Amino acid sequence: VQLQASGGGLVQAGGSLRLSCAASGSIASINLMSWYRQAPGNQREMVAAITTDGDTNGYISYADSVKGRFTISKDNAKHTVYLQMNNLKPEDTAVYYCFALIPTNSRLQDYWGQGTLVTVSS
């Protein structure tokens with residue numbers, strides 16, 4: 001199983017970006033997909049999470065710092081999760097990582113994507 005994240009880039013404060021993360025490989029179902037980020041000198045933090053297969057709407061959770069600005073969504077058929085980021089702030093600058101919980105060999109396995117850099121200029 002591989003997670004491929006894309007969509008990062010350089011944007012001015014107040015701008016928008018849309019991140020995508022596609023899971024590929026031998027996948028029967030995905031329990032949860034989420035986005036984390038890590039800024040230089042900081043610990044990795046959860047940004048947004050959504051439950052996936054078997055859950056039509058998806059239980060959604062956001063970090064307080066992004067509520068009202070970021071929206072996580074999913075396409076179960078494509079095993080893909082998106083993160084729409086609006087009204088970006090310089091403090092949103094970080095490497096964004098995709099994460100998934102996927103049943104593998106009768107247990108839940110963690111998978112991480114390679115990260116995509118988001119830079120917000122002031």
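Keep in mind that this is a model prediction, so the values were computed, not measured.
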Cut-off 3.5 Å, no hydrogens considered: what does the side-chain donor-acceptor table look like for residues 110-118, sequence neighbours left out?
| from | atom 1 | to | atom 2 | distance (Å) |
| --- | --- | --- | --- | --- |
| Tyr111 | OH | Thr104 | OG1 | 3.1 |
| Gln114 | OE1 | Ala5 | N | 3.3 |
| Gln114 | NE2 | Ala5 | O | 2.9 |
| Thr116 | OG1 | Gly8 | N | 3.1 |

Under 3.5 Å, which donor-acceptor pairs link side chains of residues 92-99 to any protein atom two or more places apart or in another chain?
| from | atom 1 | to | atom 2 | distance (Å) |
| --- | --- | --- | --- | --- |
| Asp92 | OD1 | Arg37 | NH1 | 2.9 |
| Asp92 | OD1 | Arg69 | NH2 | 3.0 |
| Asp92 | OD2 | Arg69 | NH1 | 2.7 |
| Asp92 | OD2 | Arg69 | NH2 | 3.4 |
| Asp92 | OD2 | Lys89 | N | 2.8 |
| Thr93 | OG1 | Pro90 | O | 2.9 |
| Thr93 | OG1 | Val120 | N | 2.9 |
| Thr93 | OG1 | Val120 | O | 3.4 |
| Tyr96 | OH | Arg37 | NH1 | 2.9 |
| Tyr96 | OH | Asp92 | O | 2.7 |

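Between the side chains of Thr80 and Asp75, no donor-acceptor pair of N or O atoms lies under 3.5 Å.
Rounding to the nearest 0.5 Å gives a distance of 5.0 Å between CD of Gln12 and OG of Ser121. Note that OH of Tyr36 is 9.0 Å distant from CZ of Arg44, once rounded to the nearest 0.5 Å. Atom OG of residue Ser73 and atom CG of residue Leu83 lie 8.5 Å apart, to the nearest 0.5 angstrom.
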**OP:** In sequence, state the C-alpha distance, the side-chain angles, and the governing distance for Tyr62 and Ile72, and then conclude on side chain to side chain contact (heavy atoms under 4.5 Å, CB included).
**Re:** CA-CA 9 Å; Tyr62 295 102; Ile72 190 170; 3.6 Å; yes
**OP:** Kindly indicate, with the supporting measurements, whether the criterion side chain to side chain contact (heavy atoms under 4.5 Å, CB included) is fulfilled by Leu108 and Ile102.
**Re:** CA-CA 5 Å; Leu108 284 178; Ile102 300 175; over 6 Å; no
**OP:** Assess whether side chain to side chain contact (heavy atoms under 4.5 Å, CB included) is satisfied between Leu32 and Ile50, documenting all intermediate values.
**Re:** CA-CA 6 Å; Leu32 177 143; Ile50 187 169; over 6 Å; no
**OP:** Evaluate the side chain to side chain contact (heavy atoms under 4.5 Å, CB included) criterion for residues Val81 and Trp35: first the C-alpha distance (whole Å), next the side-chain angles of each, then the deciding distance (0.1 Å), finally the verdict.
**Re:** CA-CA 9 Å; Val81 66; Trp35 289 96; 3.8 Å; yes
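Taking every heavy atom of both residues into account, Leu3 and Ala23 meet most closely at CD2-CB, 3.4 Å.
Looking only at side-chain heavy atoms (C-beta outward), Cys21 and Met33 come within less than 4.5 Å of each other. Taking 4.5 Å as the limit, some side-chain heavy atom of Ile30 sits within range of a side-chain heavy atom of His79. Counting only heavy atoms from C-beta outward, the side chains of Asn31 and Pro103 approach each other to under 4.5 Å. In this structure, Thr119 and Val11 have side chains that are not in contact, with every pair of non-hydrogen atoms separated by 4.5 Å or more.
Side chain of Lys74 to main chain of Tyr82: no donor-acceptor pair is present (N/O by atom type, distance under 3.5 Å, no hydrogens or angles).
In this structure, Phe70 is not a member of the same hydrophobic cluster as Leu10, with clusters built from ILVMFWY side-chain heavy atoms closer than 4.5 Å.
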